Q: 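Provided herewith is a single structure, encoded as structure tokens, for subsequent inquiry.
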Amino acid sequence: MEKVRVRFAPSPTGYLHIGGARTALFNYFFAKRYGGKFILRIEDTDRERLKEDSVSQIISSLKWLGIEWDEGPEIGGEFGPYFQSERLELYRKEAQRLVDEGKAYYCFCTEEEIAKEREEQKALKVPYRYSGRCSTLSKEEVEENIKMGKPYVIRIRIPREGNTVVEDLIRGTVNFDNSQLDDYIIIKSNNMPTYNFACVVDDHFMKISHVIRAEEHLSNTPKQVLMYEALGYEIPKFAHISMILAPDRSKLSKRHGATSVEEFKEQGYLKEAIVNYLTLLGWAPGGDEEIFSVEDTVKKFSLDNVSKTAAIYDVNKLSWINGHYLRNLDLDYITREAVPFFIKKGLVSEDEVENKYDYIKRVVSAVREKVKLLSEVADASEYFFKDIDEYDPKGVEKRFKKDNVIELLTKGKQALEKASDFSVEGVEKAYRDLIDELGIKGGDIIHPTRLALSGRTVGPGLFDIISILGKEECLRRMDKAIAFINNL
């Protein structure tokens, strides 16, 4: 394969959407798979829609996901600058060349004249296309208009007949009727380039070999192919990735859950899970395997396995994948990732983390088996850091209102009081011996003890809870529960 150079070119108009993150990932995988370069370019020429912190948010989200670029912001490269707003002179030079060669022209139509054209065509029930009235202006008329200070845009001349063919590596051959296109603007009246012009110029001068992007850009591609031809550039290979739709097959929006990488991070998803899940949205490695690392993906990645049909967003599957990583990744790593959620919930302060780290780690180890998000790790850990304010009401009805529960909790407390070994194995032996001695089912004493110590009916193994809390705290909480039951 030729030398691969791909790019991810977001517009900084908001946070990094999961669709954009997936596009970045597919480009990244493709570049790594074929020993190529992955370029990050910021398309920031639409000044009206720019959001001030978007660039930093996009960059931090990409970094958090582990997507590293070979050229782009912060690191530079031989084909920079990598912000379109810093490449304006190049666009103006290329646009002027098109004008000089008769392939583009100055258009002096006012907004009112364009609006009138739109209304006339709307009345005829046809899609709007610019009439081309300024395309026939003489050189003298153009010079006179410019001399008079008339505002203008520059438009490309589009052939009215024939087809433009797009060879797509995912969708095959796609034909577009040129009569459905119009002489679109390439330089706006504020001297800024339009998307369909600037991205072509940039992709050429940055030597992009493959343009891998979202399906929504497929309709722009014939305009860009014609622009490549007008400028005399070599046309790159195109690949358009299918859309990500909501479960009801509507456009994905906030009502379907988080839609930006930043939101997923704040909710407690791990980057490994997000990358794994997004990789599955539209790409299949073959077989039933659903959990794989970035290294595994790079080895197998091919555009041949990218689906043409829309991918369906499923937050339940994402959460399942996240739960898998929570349980199986290195405990130290998961603990460090969980700490900000402990701090946010007020379980520890930033100053306490290092001193309490070993304790936090034990708690995370105990609770991570039954949760799916880092935020749920913190929620499930609350009683390890705070006293119990209340007991689960259903648990009280089911466990604390049994006739002999006080007797059982008292005997359980006594068994713990005598225990010399407060390891998980040690306290389990103390309780199992008591269960055998009393001739009862394990659940008869285990369930009320769990409620007494945690205030909850579900959670980690009881003996993990006992060992982590320690003897003194367990005895105090059992006394508190017994007093509570006495007052029922």
Side-chain angles (χ1 to χ4, degrees), residues 43-49 84-124 126-166 175-205 211 217 219-236:
E43 299 193 336
D44 60 344
T45 55
D46 189 347
R47 310 309 291 180
E48 292 176 2
R49 296 177 61 226
Q84 284 188 332
S85 59
E86 297 173 13
R87 300 171 65 85
L88 300 182
E89 192 54 43
L90 175 61
Y91 307 135
R92 289 165 192 158
K93 176 186 169 187
E94 290 298 88
Q96 188 58 52
R97 177 163 71 84
L98 288 174
V99 171
D100 294 342
E101 293 173 0
K103 297 172 182 176
Y105 58 91
Y106 292 97
C107 173
F108 299 92
C109 292
T110 64
E111 289 183 13
E112 291 74 21
E113 288 169 328
I114 295 295
K116 184 180 178 184
E117 276 192 7
R118 285 185 186 279
E119 287 302 316
E120 289 171 350
Q121 293 186 34
K122 186 177 178 181
L124 295 172
V126 295
Y128 174 71
R129 291 177 192 84
Y130 174 61
S131 64
R133 69 167 79 179
C134 287
S135 64
T136 58
L137 292 176
S138 67
K139 185 179 179 181
E140 290 73 24
E141 287 175 305
V142 169
E143 288 175 352
E144 181 62 24
N145 283 338
I146 292 175
K147 188 178 179 181
M148 291 169 61
K150 280 191 175 183
Y152 64 83
V153 298
I154 299 178
R155 292 180 182 269
I156 183 74
R157 293 184 193 273
I158 296 291
R160 291 282 179 254
E161 297 177 350
N163 291 330
T164 297
V165 178
V166 174
N175 283 286
F176 295 88
D177 185 346
N178 289 344
S179 67
Q180 301 302 303
L181 308 175
D182 71 348
D183 294 356
Y184 65 88
I185 296 170
I186 62 173
I187 297 290
K188 294 182 280 191
S189 57
N190 62 359
N191 277 325
M192 285 291 185
T194 59
Y195 166 74
N196 284 313
F197 177 56
C199 78
V200 168
V201 173
D202 287 341
D203 286 346
H204 169 72
F205 281 96
V211 174
H217 289 294
S219 60
N220 289 320
T221 309
K223 299 177 184 178
Q224 293 172 15
V225 167
L226 290 169
M227 179 60 68
Y228 278 103
E229 292 174 348
L231 288 163
Y233 298 163
E234 182 180 349
I235 300 173

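Please read these numbers as outputs of a predicted model, since none were measured by experiment. Atom set for the values below is all heavy atoms of this structure, side chains included, hydrogens, waters and symmetry mates excluded.
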Q: Of all the heavy-atom pairs spanning Met227 and Leu98, show the shortest one and how long it is.
A: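 Residues Met227 and Leu98, closest heavy atoms: SD-CD1, 3.8 Å.
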Q: Restricting to non-hydrogen atoms, name the atom on Lys188 and the atom on Thr194 that form the minimum distance, rounded to 0.1 Å.
A: CG-CG2, 3.8 Å
Q: At what distance, to the nearest 0.5 angstrom, does CG of Asn178 lie from OG1 of Thr164?
A: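 The distance works out to 3.5 Å.
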Q: Can you tell me if Ser179 and Asp177 form a side-chain donor-acceptor pair at under 3.5 Å?
A: yes
Q: Does any part of the side chain of Cys109, heavy atoms only, come nearer than 4.5 Å to the side chain of Arg133, both counted from C-beta?
A: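 Yes, side chains in contact.
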Q: State which residue, out of Phe108, Tyr105, Tyr152, fulfils the side chain to side chain contact (heavy atoms under 4.5 Å, CB included) condition with Val142.
A: Phe108
Q: Assess the residue pair Tyr106 and Ile154 against the criterion (side-chain contact (heavy atoms from CB on, under 4.5 Å)); give the C-alpha distance rounded to whole Å, side-chain angles, the decisive distance to 0.1 Å, and a yes or no.
A: CA-CA 5 Å; Tyr106 292 97; Ile154 299 178; 4.1 Å; yes
Q: Ignoring hydrogens and geometry beyond distance, is a side-chain donor-acceptor pair present between Tyr128 and Glu117 at under 3.5 Å?
A: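 Distance-only check passes for Tyr128 and Glu117.
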Q: Can you tell me how far CD of Glu43 sits from CG of Asp46, rounded to the nearest 0.5 angstrom?
A: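 Between Asp46 CG and Glu43 CD, I get 10.5 Å after rounding to 0.5 Å.
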Q: For Lys116, is there an ion pair with Glu113 - N to carboxylate O distance below 4.0 angstrom?
A: no
Q: Is the closest side-chain heavy-atom distance between His217 and Tyr195 below 4.5 Å?
A: yes
Q: Just by distance, with hydrogens left out, do Asp100 and Gln96 show a side-chain donor and acceptor under 3.5 Å apart?
A: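 Yes, a side-chain donor-acceptor pair sits under 3.5 Å.
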Q: So among Ile235, Val211, Val200, which one has a side chain to side chain contact (heavy atoms under 4.5 Å, CB included) with Gln224?
A: Val200
Q: Rounded to the nearest 0.5 Å, what separation is found between the NZ atom of Lys103 and the CD atom of Glu229?
A: 10.0 Å
Q: Any idea which heavy atoms bring Pro193 and Thr45 closest together, and the distance?
A: O-OG1, 3.8 Å
Q: Using distance alone, with no hydrogens and no angle criterion, decide if Asp202 and Tyr91 have a side-chain donor and acceptor under 3.5 Å apart.
A: yes
Q: Considering non-hydrogen atoms only, spot the tightest contact between Ser189 and Val153 and give its length.
A: N-CG1, 3.5 Å
Q: How close do Val166 and Pro222 get, counting heavy atoms only, and between which atoms?
A: CG2-N, 4.1 Å
Q: Indicate yes or no for a side-chain donor-acceptor contact from Gln121 to the backbone of Arg129 under 3.5 Å, with no hydrogens or angles considered.
A: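 Judged by distance alone, yes, a pair lies under 3.5 Å.
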Q: Please check: side-chain N/O of Asn145 versus main-chain N/O of Lys150, any donor-acceptor pairing under 3.5 Å?
A: no
Q: Rounded to the nearest 0.5 Å, how far does CG of Leu226 lie from CG of Leu181?
A: 6.5 Å
Q: Are any side-chain N or O atoms of Arg97 and backbone N or O atoms of Leu231, one a donor and one an acceptor, separated by less than 3.5 Å?
A: yes
Q: Find out whether Ile156 and Phe197 are in side-chain contact, i.e. whether some heavy atom of one side chain is under 4.5 Å from a heavy atom of the other.
A: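 Answer no - side chains too far apart.
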Q: Under 4.0 Å between a Lys/Arg side-chain N and an Asp/Glu carboxylate O for Lys223 and Asp182?
A: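 Not counted as a salt bridge, because no side-chain N and carboxylate O are separated by less than 4.0 Å.
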Q: When rounded to the nearest 0.5 angstrom, what is the spacing between SG in Cys107 and CG in Asp183?
A: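 The CG atom of Asp183 is 9.0 Å from SG of Cys107, to the nearest 0.5 Å.
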Q: How about Arg49: does its CZ atom have over 12 heavy atoms from other parts shown lying under 6.0 Å from it?
A: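 At most 12 heavy atoms, drawn from other residues, nucleotides or ligands, come within 6.0 Å of this atom.
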Q: Hey, what do you get for CZ (Arg157) to OG (Ser135), rounding to the nearest 0.5 Å?
A: 5.5 Å
Q: Quick one: sort the Tyr233 and His204 rings into parallel, tilted or perpendicular, breaks at 30° and 60°.
A: parallel
